[in-house]
Protein chains: 4
Amino acid sequence: MSVRNRQRLSPEVRREQLLGAATRAFLRRGYHATHVEQIVEEAGVSRGTFYAHFEGKHAVFAALVDRMLQIFLDARPALPEPEVLALHDAETVLRLSYREVLETFWRHRRLLRLLLEEAVGLEKGFAARVEEHFQAWHQRVRQTLDLFQERGVAHADLDKDLAADLVLGMVERVTRRHLLGPKKPDLDRLVEALVSFELRGIASAA
Amino acid sequence: MSVRNRQRLSPEVRREQLLGAATRAFLRRGYHATHVEQIVEEAGVSRGTFYAHFEGKHAVFAALVDRMLQIFLDARPALPEPEVLALHDAETVLRLSYREVLETFWRHRRLLRLLLEEAVGLEKGFAARVEEHFQAWHQRVRQTLDLFQERGVAHADLDKDLAADLVLGMVERVTRRHLLGPKKPDLDRLVEALVSFELRGIASAA
Amino acid sequence: MSVRNRQRLSPEVRREQLLGAATRAFLRRGYHATHVEQIVEEAGVSRGTFYAHFEGKHAVFAALVDRMLQIFLDARPALPEPEVLALHDAETVLRLSYREVLETFWRHRRLLRLLLEEAVGLEKGFAARVEEHFQAWHQRVRQTLDLFQERGVAHADLDKDLAADLVLGMVERVTRRHLLGPKKPDLDRLVEALVSFELRGIASAA
Amino acid sequence: MSVRNRQRLSPEVRREQLLGAATRAFLRRGYHATHVEQIVEEAGVSRGTFYAHFEGKHAVFAALVDRMLQIFLDARPALPEPEVLALHDAETVLRLSYREVLETFWRHRRLLRLLLEEAVGLEKGFAARVEEHFQAWHQRVRQTLDLFQERGVAHADLDKDLAADLVLGMVERVTRRHLLGPKKPDLDRLVEALVSFELRGIASAA
DNA sequence: GATGAATGAGTTTTCATTCAT
DNA sequence: AATGAATGAAAACTCATTCAT
């Protein structure tokens, strides 16, 4: 009856394929302007197949957001392990953390762009989930600052809560501006700027 | 045929009223989830009246974005005047700038929230216009850093282009986290944290 | 309060002015594509004034159709008076009739175009009224043919009912093709062709 | 959600069915007074199905006009083939031509009525396309008259350009009056009247 | 499992007409 | 009488989702 390939794939593979197609489609036009039609076309399957694997458009997007958040959860960005902290000076610690964060972001830049540009302001509670993650991350940065302060790297009067915000903001802006564009970024330079600015910003000897 | 109020207003007043109603509606539900129906209900007028003043939903939103951008253009945030720079030390200059910026943001926080949460990632080129403004602002911060470097406040090796990004990111995050929420922010504290972090971050004596 | 001229005109003059504006507007875009807005703009009056003089869009158009049909009723096209018939040969009679018809059509070509291009197929019974007029005209042509047959000008076997249709069709096509266009027509040539074709067409000596 | 019939048809068949339903609907109420709702009700399908097959109301009507014009293009009415001309006298040729034309018109009278009553005066350029066809037809009649004149059937002074208009007008009027009504026409009588009138009308021996 | 034609609730938009000033 | 802002019923059109094949 049909025309297409009617290729039978295992559910996992098909799901993966659809997820990829959805990512490309959403990146191209944004969540609302992307229609299910475009996703299935991109994937080369029929509408029916799409709905066999996802509850709907909203569900694919949710899956994408989940995946993204999972990646960052796994990468545990910016939280220095105690033993790392013990072995190295603050500068090295920061450098390693930032590098790992930026590399993770760069590796998953497509999903990340989706997350930052689309998942925000998207009624269905997506924004809230992203915000949760920001909070968690804020906590970690905050904890690092606690350690730095304990060790005398950060000055005693530092408003650590706000400082964590400032640090987060720096990373976010750098990410948006330098990692999401088409050009390959100079990660070293980005890391150095972040490390230098943060270290001085919190420095004991002002 | 039915009568409602049939209150007759001058086009300017009506337009203003509709703009206000639209702002409230958009803030409540976001751009896509807000329907013209809800805007006109909020304004207490008929659909026809709405379309007599705006080409459509897209056009009201565009008007809102325009207004917002105009406000920040007028506020000229963060660009210190030469004579100000000459009279005061860098700390005072920064403090004044940040205060002005944050106060403007706080005053217009409803519009700002709309801009940051809705206008970004909205197909119709809104994001591009917002990005333009970010660029312009980046330029200004950059120029300030040039001045600071000339006067020996910023260290000679400072990667000013990136530093401008970091500064912008700090302001953006602080704004999102502290100015857009329901709680009245402690502007003094925010300003101090920003000033302190930036000044140290760029400081000559590291 | 207002901007316009607020010129007070007698009802008759205003009505006439509106009728003229409506004619121009309808000719430009057709009945459906012409909006009341365009008519009042063309006339330089407000919507309210328009509705003070006509029940609505439909009513202006009806007034225009009425006027047109009245003109042709008054012109009594194509019906030769008995005394005329008595005095002249058939050729002269036809020539006079056709000339009068075509001249009337030419004089009122704008209204005529409206009638032929718009009033047809316009739900509201306009088409029916036009058709009535065609029937009346058909009767007259038919009567003329009766006279011609009595006088031996038309052959005895002539299917007069159909012949009247043919004659009407000839006039209609000539009118559409040559009188409604932008070029000034050569009425003499048109009349000669009609007279010659009809006279031969019905001629006794075939 | 509710189910209706959900009869699954091939696109071609469905399109054909919709075209038929649209024709009936347009014939009943005319182009403007027919709403998509009525077409889909007539076809027994949902709005969505309609829009899957046609861009909109305008597009169905355009398809109808196209089909109509194609039919008449295929029927090549009124253009006698050279070999036909050679074998028969002018009267036979005309009789055959008219018969073919009127039979084609009669067979497709529903579409034809739509074309003549609706497509004319319909902003979107429909009228222009119909007029084009009239021009082409005019050319053919004109060419036939050239042949007739060459063969001495038509008199030497005949204004062939205008005569072609007259012939076209006759056919048009006869068609409107006798083929589009509810009564079965007497085609023989119509053909005879046309042949006789035209032959005499152009006759050499006046 | 896959297909894609079919569905229809939900939105946007238009424009003839009304009526407060 | 004149004005023009306001009205809202009436269309047109969209697109996520369903389900017969």
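Note that this is a predicted model, so its numbers are computed, not measured. Per chain, numbering begins at 1; letters A, B, ... match sequence-line order.
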| message | If a pair means Watson-Crick or G-U wobble with both distances below 3.5 Å, what does DNA chain F look like in dot-bracket form, with | marking bases paired to a different strand? | response | .||||||||||||||||||||
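- Heavy-atom distances to DNA chain E give each of D/Ala52 and C/Phe50 a nearest nucleotide, and the one nearer the 5′ end belongs to D/Ala52.
- Rounded to whole angstrom, the span from the CD1 atom of B/Ile39 across to the P atom of E/dT13 amounts to 11 Å.
- Closest approach of B/His133 to B/Leu69, counting heavy atoms only: CE1-O, 3.4 Å.
- The nearest whole Å value for the distance from the NE2 atom in D/His35 to the C1' atom in F/dA11 is 7 Å.
- For F/dA12, one of the phosphate oxygens OP1 or OP2 lies less than 4.0 angstrom from a side-chain nitrogen or oxygen of D/Lys57.
- One can place CD of D/Glu12 at 11 Å from P of E/dA6, the figure rounded to the nearest angstrom.
- As rounded to whole Å, 13 Å separates atom P of E/dT7 from atom CD of D/Glu37.
- The two residues D/Ala59 and D/Glu55 have their closest heavy-atom pair at CB-N, 3.7 Å.
- Put simply, NE2 on C/His32 is 15 Å from C1' on F/dA12, counting in whole angstrom units.
- One interatomic measurement links the two molecules: CG of A/Leu18 to C1' of E/dG1, which rounds to 13 Å at whole-angstrom precision.
- Heavy atoms of D/Gly48 sit under 4.0 angstrom from at least one base atom.
- The aromatic rings of D/Phe61 and D/Tyr31 sit perpendicular to each other, their planes meeting at more than 60°, with 30° as the lower class boundary.
- Smallest separation of non-hydrogen atoms from B/Ala63 and B/Leu19: CB-CD1, 3.9 Å.
- Remark: P of E/dA6 and CZ of D/Arg8 are 7 Å apart, rounded to the nearest angstrom.
- Between D/Leu9 and C/Val36, the one whose closest nucleotide on DNA chain E sits nearer the 5' end is D/Leu9.
- The side chain of C/Arg14 has F/dA2 as its nearest neighbour among F/dA2, E/dT17, E/dT13.
- Distances shown here put a side-chain N or O of C/Tyr51 below 4.0 Å from the OP1 or OP2 atom of E/dT17.
- Checked against salt bridge (Lys or Arg N to Asp or Glu O under 4.0 Å), C/Arg15 has no partners two or more places apart in sequence or in another chain.
- Side chain C/Arg47 to base E/dT18: no donor-acceptor pair is found below 3.5 Å.
- Looking only at side-chain heavy atoms (C-beta outward), B/Gln17 and B/Leu9 come within less than 4.5 Å of each other.
- Mapping A/Glu55 and C/Pro11 onto DNA chain F via the closest heavy atom, the residue that lands nearer the 5' end is C/Pro11.
- With distances taken from any side-chain atom of C/Ser46 to the nucleotides E/dA6, E/dC15, F/dG4, the minimum falls on F/dG4.
- Within the model, atoms OH of B/Tyr51 and CG of B/Leu18 stand 12.0 Å from one another, a figure rounded to the nearest 0.5 Å.
- Regarding contacts with the backbone of F/dA6, a side-chain N or O of B/His53 is found under 4.0 angstrom from either OP1 or OP2.
- No salt bridge links C/Arg176 with D/Glu131; every basic N to acidic carboxylate O contact stays at or beyond 4.0 Å.
- Between the CD atom of C/Glu41 and the P atom of F/dG4 there is a distance of 12 Å, rounded to whole Å.
- Relative to the side chain of D/Thr49, the nucleotides E/dA6, F/dA16, F/dT7 differ in distance, and E/dA6 lies closest.
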